[in-house]
Amino acid sequence: MIDSFYSVRNNNVAEALLNEAYQEDESGVVAYYVVKDTDKNVLFFFSLKCGLLFDEFIEGEKLARLKELCITVAEKLNGGNVPKEDIDGLKAFLEIVRAKKGLKKDDVARILHTTTNSQKINAIFDKNIKNVGKTFAGVEIVHFCANDECREAWDKYGLDQSLGAIVFWHFIVPKIFELREIVGCEYLFLFAADCDPDEHLVNYYSQKLKFKKADKHSTAMPIYDFTCKFMYQEILDLGNKRMKFFENFNHDEDAV
């Protein structure tokens, strides 16, 4: 059912469902979910994992070096001067960074064309604990992706809300409520992979899903900020927001 899953905006995200979801879900690293219609078309998939927000980051030099690397890779890809055989590898590298799959020394060393014990690598990686201020428990939406191959199937329902908004409020938020019954958790957060100067995706997450740009806390893996926009909201407010979404589900009173 997932073989034809495809995303026009960022198919590297869709590749996670096709190539990594079974192993990661079975091992408990990331929980994957698919949303299907009555004809068993996979309309949407999302994934969740626990994360951490914090109030102060002490050691910024190493992150600055890693930021420089990520920007360099992105610029090479956008500039079109990368050998064809290297393109998929560089895109995969940036997706690993974005999805917090675990950035390894070997991967970075390959990108920099150096060894794992070189000065460049040691400037980024070390074994020290990162010193931060107060921490806050959170849940990260790692993947949030519609299947563009099934857009026509979705459009036939004629609903007065977008597929992503319905998936978020109807499927994802109840999962967060279930989690909060057994473990303390304050925030729901994500990283919007938005390269549009008009921030179309950021505006969508803000208007439809009620996330806001980070203005108070940081994240335990700030490297996301290098290529994405860090956004979050308090879980305490989700119940009221969800109620308002369904109370105002049909913008047009004559809509079905």
Side-chain angles (χ1 to χ4, degrees), residues 1-22 24-25 30-49 74 77-78 87-88 91-92 94-95 98-99 101 139-176 188-211 224 227-229 231 233 238 241-242 244-256:
M1 285 186 285
I2 67 172
D3 283 346
S4 62
F5 198 102
Y6 181 78
S7 171
V8 173
R9 179 182 294 274
N10 187 355
N11 202 49
N12 287 318
V13 177
E15 288 292 328
L17 176 66
L18 301 175
N19 299 324
E20 304 159 18
Y22 289 104
E24 291 185 341
D25 189 273
V30 182
Y32 284 79
Y33 302 84
V34 295
V35 178
K36 301 178 293 184
D37 65 10
T38 53
D39 295 322
K40 298 192 182 301
N41 295 307
V42 177
L43 302 176
F44 206 99
F45 95 94
F46 63 89
S47 68
L48 305 173
K49 71 182 297 183
L77 287 170
N78 293 333
I87 291 177
D88 290 341
K91 286 183 176 180
L94 290 179
E95 176 59 20
R98 189 205 68 81
K101 293 296 180 62
V139 178
E140 178 188 351
I141 301 177
V142 185
H143 300 102
F144 188 76
C145 187
N147 186 1
D148 288 315
E149 291 290 334
C150 295
R151 285 291 184 183
E152 290 186 5
W154 169 253
D155 291 341
K156 290 179 181 178
Y157 288 103
L159 296 174
D160 197 28
Q161 291 286 350
S162 67
L163 172 57
I166 292 176
V167 168
F168 178 76
W169 293 110
H170 185 67
F171 292 103
I172 295 181
V173 171
K175 290 296 180 186
I176 306 306
L188 179 64
F189 64 98
L190 54 75
F191 299 89
D194 196 344
C195 297
D196 187 346
D198 295 330
E199 295 192 332
H200 175 79
L201 191 58
V202 168
N203 291 332
Y204 177 84
Y205 288 147
S206 175
Q207 296 170 13
K208 300 292 186 180
L209 312 187
K210 305 307 177 184
F211 284 89
Y224 279 139
T227 54
C228 305
K229 311 295 191 306
M231 306 181 73
Q233 60 180 299
L238 277 178
K241 291 177 180 177
R242 185 172 187 264
K244 289 181 181 179
F245 173 78
F246 286 110
E247 286 178 349
N248 300 283
F249 188 86
N250 291 317
H251 300 114
D252 184 348
E253 292 182 358
D254 296 326
V256 177

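Just so you know, residue 1 is the first one in the sequence shown, and it goes up from there.
Looking at Asn19 and Glu15, their side chains do bring a donor and an acceptor atom within 3.5 Å of each other.
Side-chain contact between Val167 and Leu43 is absent, with no heavy-atom pair separated by less than 4.5 Å. Residues Val30 and Ser47 are in side-chain contact: their nearest non-hydrogen atoms beyond the backbone lie under 4.5 Å apart. Residues Phe211 and Leu188 are in side-chain contact: their nearest non-hydrogen atoms beyond the backbone lie under 4.5 Å apart. Side-chain contact check for Leu48 versus Lys175: some heavy-atom pair is nearer than 4.5 Å. Counting heavy atoms from C-beta outward, Gln233 and Lys241 have side chains that approach closer than 4.5 Å.
Considering OH of Tyr6 and SG of Cys145, their distance stands at 10.5 Å, rounded to 0.5 Å. Atoms NZ and NE2, on Lys49 and His143 in that order, are 9.5 Å from each other to the nearest 0.5 Å. Between the CG atom of Asn250 and the CD atom of Gln161 there is a distance of 8.0 Å, given to the nearest 0.5 Å. Rounding to the nearest 0.5 Å places CG of Leu17 at 11.0 Å from OG of Ser7.
Checked by atom type and distance alone, the side chain of Asp25 never pairs as donor or acceptor with a backbone atom of Ala31 at under 3.5 Å. Panel note: side chain Tyr204, backbone Ala165; a donor-acceptor pair is recorded below 3.5 Å. Between the Asn41 side chain and the Asp37 main chain, no donor and acceptor come within less than 3.5 Å of each other. Although no hydrogens or angles enter the test, the distance criterion places a donor-acceptor pair under 3.5 Å between the side chain of Asn147 and the main chain of Glu149.
Summarising the geometry of Phe45 relative to Ala14, their closest heavy-atom pair is CE2-CA, 4.2 Å, with the distance given to 0.1 Å. The minimum heavy-atom distance between Ile141 and Leu190, with the atom names listed, is O-CB, 3.9 Å. Closest approach of Glu199 and Lys229 over heavy atoms only: OE2-CE, 3.4 Å. The shortest heavy-atom contact between Gly164 and Phe44 is CA-CE1, 3.7 Å. The minimum heavy-atom distance between Arg9 and Asp148, with the atom names listed, is N-OD2, 4.3 Å. Minimum interatomic distance between Leu209 and Trp169 (heavy atoms only, all atoms of both residues): O-CZ2, 3.6 Å.
No more than 12 heavy atoms of other residues, nucleotides or ligands sit less than 6.0 Å from atom OH of Tyr22. Atom NZ of Lys244 is surrounded by 12 or fewer heavy atoms from other residues, nucleotides or ligands within 6.0 Å.
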I would like to know whether Phe249 and Ile166 meet side chain to side chain contact (heavy atoms under 4.5 Å, CB included); could you show each step before the answer?
-> CA-CA 9 Å; Phe249 188 86; Ile166 292 176; 3.7 Å; yes

Residue pair Val34, Phe5: steps toward the side chain to side chain contact (heavy atoms under 4.5 Å, CB included) verdict | CA-CA 11 Å; Val34 295; Phe5 198 102; over 6 Å; no

Apply the test side chain to side chain contact (heavy atoms under 4.5 Å, CB included) to residues Phe245 and Phe168: give CA-CA distance (whole Å), side-chain angles for both, the deciding distance (0.1 Å), then the verdict.
-> CA-CA 11 Å; Phe245 173 78; Phe168 178 76; over 6 Å; no

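Ring geometry for Tyr157 against Trp154 counts as tilted: the plane angle lies between 30° and 60°, on a 0 to 90° scale.
Looking at residues two or more places apart in sequence or on another chain, you find a side-chain contact (heavy atoms from CB on, under 4.5 Å) between Asn12 and Asn10, Lys91, Glu95. For the ring pair (Phe, Tyr, Trp, His ring centres under 6.0 Å) test, residues two or more places apart in sequence or in another chain that qualify with Tyr33 are Phe46.
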